[in-house]
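Taking it in order: structure first as structure tokens, then the write-up.
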Protein chains: 2
Amino acid sequence: MKPLTDRQQTVLTFVEEFCEHQGYPPTVREVAAAFGIQPRAAVDHLAALRRKGYLHREPGLSRGLSLTSKSPGPVVEVPLLGRIAAGQPLLASENVEETLPLPRSWVRGEEVFLLKVTGESMAPVILPDDLVMVRVQSRVARGEIAVALIDDDATLKRVYEEAGGLVLKGDNPDFTPLRFSPDEAADVKILGKVVGVYRNLEGKRRG
Amino acid sequence: MKPLTDRQQTVLTFVEEFCEHQGYPPTVREVAAAFGIQPRAAVDHLAALRRKGYLHREPGLSRGLSLTSKSPGPVVEVPLLGRIAAGQPLLASENVEETLPLPRSWVRGEEVFLLKVTGESMAPVILPDDLVMVRVQSRVARGEIAVALIDDDATLKRVYEEAGGLVLKGDNPDFTPLRFSPDEAADVKILGKVVGVYRNLEGKRRG
DNA sequence: TAAACTACTATACAAAAGAATACGTGTCAA
DNA sequence: TTGACACGTATTCTTTTGTATAGTAGTTTA
């Protein structure tokens, strides 16, 4: 892309930050006011930026200005589930506490959701207050970490499907593995596989 | 958040998609035209959406409409550094391998960057191939995890500043702590504090 | 059953905002 | 030295756009 003059760069930065903060692009006059110049001068700058391919303007439309370059990288809105109930619609909007924009490269699969970890059973790999990303799938490979629903309680465990039944095991040795006979295993529903963990280390005593 | 009527939901969806496609929000009249109704009716819908907290309107401003709830949530482009050299400009574009859009709520601080972990010295909290988020700061509190630059080598360690000098210690007991006399400590530069860890669990044998 | 909310029509007006006109300055390459 | 270009001031015109007034109906809720 063609190089910008210093002045044009500051104008572009202003437009980018305005969009980010306000949620809508600035008008010609707002750009002018920000730099203490006349609208006409601002038009010249915006025209230069358009000519060099940094933004697009819809003629005649107020705020008809959109950024081309920067491009808010490919993001996917991933729902953070507050609670998980046995009631079918897992991703129903009532359960969605908020939705976080994550880079597409992190989101593996179509149906994914985030969950805030509560127990210590998966320590030290997964700790309380971690955010885990879960891909919805009803089966996981042996030994993989999954979200299992047991009587309306969602838990994070490694899953071992064996001839003798189903074993759900935490990494934390303080927790005894849960064993289910083939009959009982029907009450256990695998909601999905844990494909990622995010941990915030700010203001924590222990990692 | 308060529930929407069917009609309000379709209007909100229209606004969201308009923003996504055009890069700027629609005018009252554009909303009206899209549904074949009068501007006044569109105002009613937008007022309802604002009252229920789904969007924000700046009175009197054209296109002064911004999505609060859903929408491509506030993202910050965080640079993923490929290598870290002693040469001053840490976030110089030559060192930036790519830039990932992360939710603002995860990004604590002004200057942050991401780093891919290579060594095992911080296991089990931080493992190879993890992505750590680092906030640029030259000092960290005792025992916090920091990125330290020792002779052009960036390492992840807990930092203990003591009267007897500086100690850099990994969580992994297999690694012996690095000790620096007050004199030697001048060669160690703290680049920043580790404020977050992201781990991808896809295709791993063990967490 | 009254009050509040939703969903709309029709018309009008004033502020907001884009664009046009008319100039002035300095730089740089042909 | 002439013309293209970047950058700027000042003013005016016209369209776009938000908002207001004045109603009409149907639905929901207290």
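All chains are named by letter (A, B, ...) in the order of the sequence lines, taking the proteins before the strands, and each is independently numbered beginning at 1.
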Name the orientation class of the two ring planes belonging to A/Tyr198 and B/Trp106 (parallel below 30°, tilted from 30 to 60°, perpendicular beyond 60°).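 Aromatic pair A/Tyr198/B/Trp106 classed parallel.
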Let me know, please, whether A/Ile37 or B/Glu58 comes out on the 5' side of the other along DNA chain D by nearest nucleotide.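 The answer here is A/Ile37.
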Let me know, please, whether A/Ala48 or A/Pro39 comes out on the 5' side of the other along DNA chain D by nearest nucleotide.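 Looking at DNA chain D, the more 5' nearest nucleotide goes with A/Ala48.
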Euclidean distance, atom [atom1] of residue [X] to atom [atom2] of [N] [Å, nearest integer]:
X	N	atom1	atom2	answer
B/Asp44	C/dA10	CG	P	15 Å
B/Leu4	D/dT28	CG	P	16 Å
B/Arg7	D/dG26	CZ	P	17 Å
B/Arg57	D/dG18	CZ	P	6 Å
A/Leu65	C/dG18	CG	C1'	12 Å
B/Leu49	C/dA7	CG	C1'	13 Å
A/Phe35	D/dT9	CZ	C1'	17 Å
B/Leu46	D/dA20	CG	P	14 Å

So B/Glu202 and A/Lys193, salt bridge (charged side-chain N to carboxylate O under 4.0 Å, His left out) or not? Walk me through it. CA-CA 9 Å; B/Glu202 189 86 281; A/Lys193 174 186 169 182; 2.7 Å; yes
Please determine whether a side-chain nitrogen or oxygen atom of [X] lies at a distance below 4.0 Å from atom OP1 or OP2 of [N].
X	N	result
A/Ser62	D/dT15	no
A/Gln38	D/dG8	no
B/His45	C/dT6	no
B/Lys52	C/dT6	yes

What is the nucleic acid contact for [X], judged by heavy atoms within less than 4.0 Å: base, sugar-phosphate only, or nothing?
X	value
B/Pro59	sugar-phosphate
A/Arg63	sugar-phosphate
A/Val43	nothing
B/Gln8	sugar-phosphate
B/Arg40	base

When you match B/Leu61 and B/Thr5 each to their closest nucleotide on DNA chain C, which lands nearer the 5' end?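 By nearest-heavy-atom nucleotide position, the 5'-most residue is B/Thr5.
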Report the distance from atom NZ of B/Lys169 to atom CG of B/Leu178, rounding to the nearest 0.5 Å.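 Here the interatomic distance stands at 12.0 Å.
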Among C/dC8, C/dA19, C/dA12, the one nearest B/Arg29 by side-chain distance: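 Comparing C/dC8, C/dA19, C/dA12 against the side chain of B/Arg29, the answer is C/dA12.
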Ignoring hydrogens, what is the shortest heavy-atom contact between B/Leu81 and B/Leu115? Give both atom names and the distance.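 So the minimum-distance heavy-atom pair works out to O-CD1, 3.8 Å.
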With the threshold set at 4.0 Å, does a side-chain nitrogen-carboxylate oxygen contact exist between A/Glu162 and A/Arg142?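 Salt bridge: yes.
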I need the full list of ring pair (Phe, Tyr, Trp, His ring centres under 6.0 Å) pairs touching residues 171-195 of chain A, with sequence neighbours left out, sorted by first then second residue.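 Matches after skipping sequence neighbours: none remain.
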